[in-house]
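Any value given below was found using the heavy atoms of this structure, including those in side chains, with hydrogens, waters and symmetry copies removed.
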Amino acid sequence: MPNSDVISARAKEADHLRELLRRVGKSDRDAFAELYDATAARLYGMVLRVLRNPGYSEETTQEIYLQIWSTASKYDPNRGSPLAWMMTMAHRRAIDRVRSEQSGANREAQYGWSTYTPDHDSVVETVAQRDESDAVIACLHTLTATQQEAVRLAYYGGLTYREVGEKLAVALPTVKSRIREGLLKLKNCLGVSTDE
């Protein structure tokens, strides 16, 4: 709880700022300079906490003081202290700046995606996929019939080892063994390295 000296100092400051704003409202440049000196550090500090960028914060603080210069005559002392009025104005301006920057970043990202051209040729990619698919099919024919069936059910049919075993009416270890041996043959046939 603030003591009486702090309360008295705040009340004096509020009265002084009120008077300065009244004079600024009448285009008194000296009063504006004094008002700036008395409040700039606090307004800038609050803006910096919102924007987190010193350059943007300095620009935004300048905009706030231009707004104060042009609207000081509209300040109503019955609606709050001068510092609260200025801090509210500063906070709103800082939030507007954040929204503006975010909106700009979103527009740039959207434009970037709409004009994006991939670094690959889809025809070449399709041909390569078809060649790989043909190679896998050719290598599948090198497996025994039981290995082919187990691998097809597991990898093309999406069945679990247990479901493959039930479908083929064989024990789970047998299914695992067939699939493991079949995959090793496929790797060898496709020239895939098994070194890890």
Side-chain angles (χ1 to χ4, degrees), residues 40-67 84 86-196:
R42 288 180 273 189
L43 264 62
Y44 173 77
M46 196 276 303
V47 170
L48 183 60
R49 280 193 300 278
V50 173
L51 296 180
R52 299 175 189 262
N53 179 304
Y56 288 157
S57 298
E58 289 170 7
E59 287 175 22
T60 304
T61 302
Q62 286 178 351
E63 293 168 5
I64 293 161
Y65 278 100
L66 287 174
Q67 187 178 358
M86 290 187 286
M87 292 294 263
T88 299
M89 190 182 302
H91 187 259
R92 286 182 183 152
R93 182 66 70 135
I95 294 297
D96 287 346
R97 181 68 182 253
V98 168
R99 288 181 181 146
S100 173
E101 293 297 322
Q102 184 61 50
S103 177
N106 290 346
R107 277 192 306 274
E108 285 180 26
Q110 186 176 13
Y111 175 77
W113 280 111
S114 69
T115 60
Y116 173 74
T117 54
D119 291 339
H120 68 281
D121 184 346
S122 60
V123 174
V124 171
E125 187 174 307
T126 302
V127 169
Q129 286 175 347
R130 192 170 295 141
D131 286 347
E132 289 173 7
S133 179
D134 290 345
V136 169
I137 290 169
C139 287
L140 272 173
H141 292 297
T142 66
L143 305 181
T144 65
T146 55
Q147 288 171 340
Q148 275 186 37
E149 194 173 16
V151 169
R152 283 179 200 256
L153 288 172
Y155 289 94
Y156 292 106
L159 301 180
T160 65
Y161 287 174
R162 184 175 308 284
E163 291 169 334
V164 171
E166 290 170 2
K167 186 137 183 118
L168 298 178
V170 294
L172 186 60
T174 304
V175 169
K176 288 181 180 181
S177 177
R178 286 179 186 174
I179 291 174
R180 183 175 47 252
E181 289 170 7
L183 291 177
L184 285 172
K185 279 187 181 179
L186 282 174
K187 282 182 181 181
N188 289 335
C189 180
L190 292 169
V192 176
S193 172
T194 56
D195 298 335
E196 305 239 351

Atom [atom1] in [X], atom [atom2] in [Y]: separation rounded to 0.5 Å?
| X | Y | atom1 | atom2 | answer |
| --- | --- | --- | --- | --- |
| Tyr156 | Leu140 | OH | CG | 5.0 Å |
| Glu58 | Asn53 | CD | CG | 9.0 Å |
| Met46 | Met89 | CE | CE | 11.0 Å |
| Thr60 | His91 | OG1 | NE2 | 12.5 Å |
| Ile179 | Leu186 | CD1 | CG | 11.5 Å |

Exercise. May I ask you to check whether over 12 heavy atoms, not counting those of Arg92, lie within 6.0 Å of atom CZ?
Key: no
Please find the pair of heavy atoms, one from [X] and one from [Y], that lie closest to each other, and give the distance.
| X | Y | answer |
| --- | --- | --- |
| Leu190 | Cys139 | CD2-SG, 3.7 Å |
| Thr142 | Cys189 | CG2-SG, 4.3 Å |
| Tyr65 | Leu43 | OH-CD2, 3.7 Å |
| Ser57 | Leu51 | OG-CB, 3.7 Å |
| Arg42 | Met87 | O-CE, 3.9 Å |
| Ala154 | Val164 | N-CG2, 3.9 Å |

Quiz item: Are any of the side-chain heavy atoms of Ile137 and His141 separated by less than 4.5 Å?
Solution: yes
Exercise. Check whether any side-chain heavy atom of Leu172 lies under 4.5 Å from a side-chain heavy atom of Arg162, and answer yes or no.
Key: yes
Exercise. Can you tell me which residue pairs pass the salt bridge (charged side-chain N to carboxylate O under 4.0 Å, His left out) test with a partner in residues 163-179, sequence neighbours excluded?
Key: none
Quiz item: Is the side chain of Ser100 donor-acceptor paired with the backbone N or O of Asp96 at a distance under 3.5 Å, no angle test?
Solution: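 No, because the side chain of Ser100 does not come within donor-acceptor range (under 3.5 Å) of the backbone of Asp96.
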Quiz prompt | Under 3.5 Å donor-acceptor, Ser177 side chain and Pro173 backbone | solution = no
Quiz item: Quick one: side-chain hydrogen bond (donor to acceptor under 3.5 Å, both in side chains) partners of Gln67, sequence neighbours excluded?
Solution: Arg93
Quiz prompt | salt bridge (charged side-chain N to carboxylate O under 4.0 Å, His left out) partners for Glu59, two or more places apart | solution =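 Partners of Glu59 by the salt bridge (charged side-chain N to carboxylate O under 4.0 Å, His left out) criterion, ordered by chain and then number, come out as Arg97.
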